[in-house]
Participant: 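Can you read through this structure? Questions will come right after.
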Amino acid sequence: MTRLDTITEPRAAKSAQTAAERFGVMERQELKYTPAVARETAHLYERVRNHIPEIEWPVYAPYVHAINRIKKERGAAILAHNYQTPEIFHCVADIAGDSLQLAREATLVDEQIIIQCGVHFMAETSKLLNMEKTVLIPDAKAGCSLSESITGADVRLLKERYPGVPVVTYVNTSADVKAETDVCCTSSNAVAVCESFESDTILCIPDEYLAMNVARQTSKKILTWKGHCEVHERFTAEELLAYKEADPTIEIIGHPECHPDVIAVCDYSGSTSGMINYVKDTRPPRVLLVTECSMASNIESEVEGVEFVKPCNLCPHMKRITLPKILDSLLYMTEEVVVDPAVADRARLAVERMVNLKN
Ligand code: 13P
Ligand code: SF4
């Protein structure tokens, strides 16, 4: 059974058939692995051959082929987060990156349709920055435990409790929360954003561990919230030390959503793209990525000679995005991300201040 076989998703609405006809893909079962599809996707298979057995490629290839054709006809750009599965990251994405890169790229793409392969807050961020464009997410249920940990009403209460204290909000939040925010941050710029304020005290919410990791790198007093990433909170310092004990040469690199005790045993900590660049630049012989599983799979083929040790924690929300759902998005223009314009205007300011920060 392949990953694609395990997925059932809502099929076409009535109007969809017209779209399917127009773009020449009638029904999923009609997607065939023809000699032309095999030939035209062969170079893409080379990028994922370590992760998808050759015998399974005929299941993936027709989707890859159809998505790449239809996205051009539609005038759509596919933005994918570093945690997307290899067939999305390597075979259909136009742009892949961390949260900050995707937010920046969303402002630069020429296409009128953006398909966000990631979780809902990422698609919402793209929409905020491109209100005139159509932003689609292949599965609107792709959430995030951090984003769900806090509401706009919670932030208003915090502001009443700490009047005048700048509010720095992690980009992993809803538009409602961003609308109550002074400046957003991502894991790659959180320290710089907190330090950009004159105030000695900063509310850095909702990721408690990110805030604690920021607090270690600044003299400012950092107040936070009890939100956690359900993927990164599972790593422990003990398990990492056991790896180190078994092989003292192993390099451990971790995402700042991990507990500070975990980050303390890491050789490097940074955003998902920061971690990728670290591996590409330093080429450690053995490396353990303390983050979501797909990251290692995605970069393995790009860094020969590096052995990846994978304590695999999956993000179930990121994994809701699949090739069949991306194809449905393109055919039927689903699921469209909509943000109340009044909320969007306020939320956009916080995101733009972050995007424009020089770091
Ligand atoms: P990055 O900003 O590092 O890509 O992280 C986003 C995320 O959701 C990590 O869990
Ligand atoms: Fe949210 Fe964690 Fe998944 Fe990132 S890995 S999207 S922070 S739940």
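Reckoned from all heavy atoms, side chains included, excluding hydrogens, waters and symmetry mates. Atoms within a ligand are numbered from 1 in the order they appear, just like the ligands themselves. Positions are given from 1 along the sequence.
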Participant: Is a side-chain N or O of Asn213 found less than 3.5 angstrom from the main chain of Cys258, in a donor-acceptor match?
Facilitator: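 Yes.
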Participant: Would you say His81 touches ligand 1, if touching means a heavy atom closer than 4.0 Å?
Facilitator: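 Heavy atoms of His81 do come under 4.0 Å of ligand 1.
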Participant: Evaluate the pair Cys312, Cys293 and indicate whether the two SG atoms are within a distance below 2.5 Å.
Facilitator: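 Cysteines Cys312 and Cys293 qualify as a disulfide pair, their SG atoms being under 2.5 Å apart.
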Participant: Starting from atom 2 (O) of ligand 1, which protein heavy atom do you reach first, and at what distance in Å?
Facilitator: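 Residue, atom and distance for the closest contact: Ser99 OG, 2.9 Å.
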Participant: I need the minimum non-hydrogen distance between Val64 and Trp57, along with the two atoms involved.
Facilitator: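 Heavy-atom minimum between the residues: CG2-CH2, 4.1 Å.
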Participant: Does any donor atom in the side chain of Ser273 or Ser271 lie under 3.5 Å from an acceptor atom in the other side chain?
Facilitator: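 Absent: no donor and acceptor within the cut-off.
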Participant: Using a strict threshold of under 4.0 Å (side-chain N to carboxylate O), is an ion pair present between Asp247 and Arg286?
Facilitator: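 Judged by the 4.0 Å cut-off on N to carboxylate O distance, Arg286 and Asp247 do form a salt bridge.
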Participant: Are any of the N/O atoms on Thr272, whether in the backbone or the side chain, positioned under 3.5 angstrom from an N/O atom of ligand 1?
Facilitator: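 N/O-N/O distance under 3.5 Å: yes.
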Participant: Under 4.0 Å from a heavy atom of Asn172: which atoms of ligand 2 are those, numbered in the order shown and with their elements?
Facilitator: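 Here the atoms of ligand 2 in question are 7 (S).
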Participant: Check Arg69 with Glu73, please: is the shortest side-chain N to carboxylate O separation under 4.0 Å?
Facilitator: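 Yes.
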Participant: Hey, are Asp176 and Arg346 close enough for a salt bridge, meaning a charged N less than 4.0 Å from a carboxylate O?
Facilitator: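 Salt bridge: no.
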Participant: Which atoms of ligand 2 sit under 4.0 Å from any heavy atom of Leu146?
Facilitator: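 Once the distances to Leu146 are compared, the set is 7 (S).
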Participant: Any Lys/Arg nitrogen of Arg348 or Asp345 sitting under 4.0 Å from an Asp/Glu carboxylate oxygen of the other?
Facilitator: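 Yes, this pair counts.
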Participant: I'd like to check which ligand 1 atoms, numbered from 1 as shown, lie under 4.0 Å from a non-hydrogen atom of Asp98.
Facilitator: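 Reading through ligand 1 atom by atom, the close ones are 1 (P), 4 (O).
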Participant: Does Cys229 bring an N, O or S atom to within less than 2.8 Å of atom 2 (Fe) of ligand 2?
Facilitator: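 It does; at least one qualifying atom falls short of 2.8 Å.
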Participant: For ligand 2, note which part of Glu257 has a heavy atom under 4.0 Å away: side chain, backbone, both or neither.
Facilitator: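 Answer for Glu257: side chain.
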Participant: Where does the angle between the aromatic ring planes of Tyr83 and His232 fall among parallel (under 30°), tilted (30 to 60°) and perpendicular (over 60°)?
Facilitator: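 The rings of Tyr83 and His232 sit tilted, inter-plane angle from 30° to 60°.
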Participant: May I ask you to check whether Asn82 and Thr272 show a side-chain donor-acceptor distance below 3.5 Å?
Facilitator: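 Short answer, yes.
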Participant: Would Glu208 and Thr224 count as having a side-chain donor-acceptor pair, cut-off 3.5 Å?
Facilitator: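 Thr224 and Glu208 do not have a side-chain donor-acceptor pair below 3.5 Å.
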Participant: Identify, by atom number and element, the atoms of ligand 2 in contact range of Tyr83, meaning under 4.0 Å from any of its heavy atoms.
Facilitator: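 Heavy-atom distances to Tyr83 below 4.0 Å select 5 (S).
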Participant: Of all the non-hydrogen atoms in the protein, which one sits nearest to atom 3 (Fe) of ligand 2, and at what distance?
Facilitator: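 Result: Cys315 SG, 2.4 Å.
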Participant: Where does Cys144 meet ligand 2, judged by heavy-atom distances below 4.0 Å: at the side chain, the backbone, both, or neither?
Facilitator: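 Contact part for Cys144 vs ligand 2: both backbone and side chain.
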Participant: Which of the atoms in ligand 1, numbered in the order shown and given with their element, are less than 4.0 Å from a heavy-atom of Ser271?
Facilitator: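 Contacts of ligand 1 toward Ser271, numbered from 1: 3 (O).
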Participant: I need the atoms of ligand 1 closer than 4.0 Å to a non-hydrogen atom of His232, numbered in the order shown.
Facilitator: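 Those of ligand 1 that fall under 4.0 Å from His232 are 10 (O).
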Participant: Distance to 0.1 Å, residue and atom name: give those for the protein heavy atom nearest to atom 8 (O) of ligand 1.
Facilitator: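 Among all protein heavy atoms, the one nearest atom 8 (O) of ligand 1 is Asn172 ND2, 3.2 Å.
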Participant: Under 4.0 Å from any heavy atom of Ser145, which atoms of ligand 2 are there?
Facilitator: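 By the 4.0 Å cutoff, the relevant atoms are 8 (S).
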Participant: Is the shortest side-chain heavy-atom distance between Val290 and Pro311 below 4.5 Å?
Facilitator: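 The answer is no; the side chains never approach within 4.5 Å.
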Participant: By number and element, which atoms of ligand 1 are closer than 4.0 Å to a non-hydrogen atom of Ser187?
Facilitator: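 Once the distances to Ser187 are compared, the set is 1 (P), 2 (O), 3 (O).
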Participant: Around atom 5 (O) of ligand 1, find the nearest protein heavy atom and jot down its residue, atom name and distance.
Facilitator: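 Closest protein heavy atom to atom 5 (O) of ligand 1: His255 NE2, 3.3 Å.
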Participant: List every atom of ligand 1 that sits less than 4.0 Å from any heavy atom of Tyr83, numbering the atoms from 1 in the order shown and giving each element.
Facilitator: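 Listed by number with element: 9 (C), 10 (O).
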Participant: Looking at atom 9 (C) of ligand 1, what's its closest protein heavy atom, distance included?
Facilitator: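 I find the closest protein heavy atom is Glu257 OE2, 3.2 Å.
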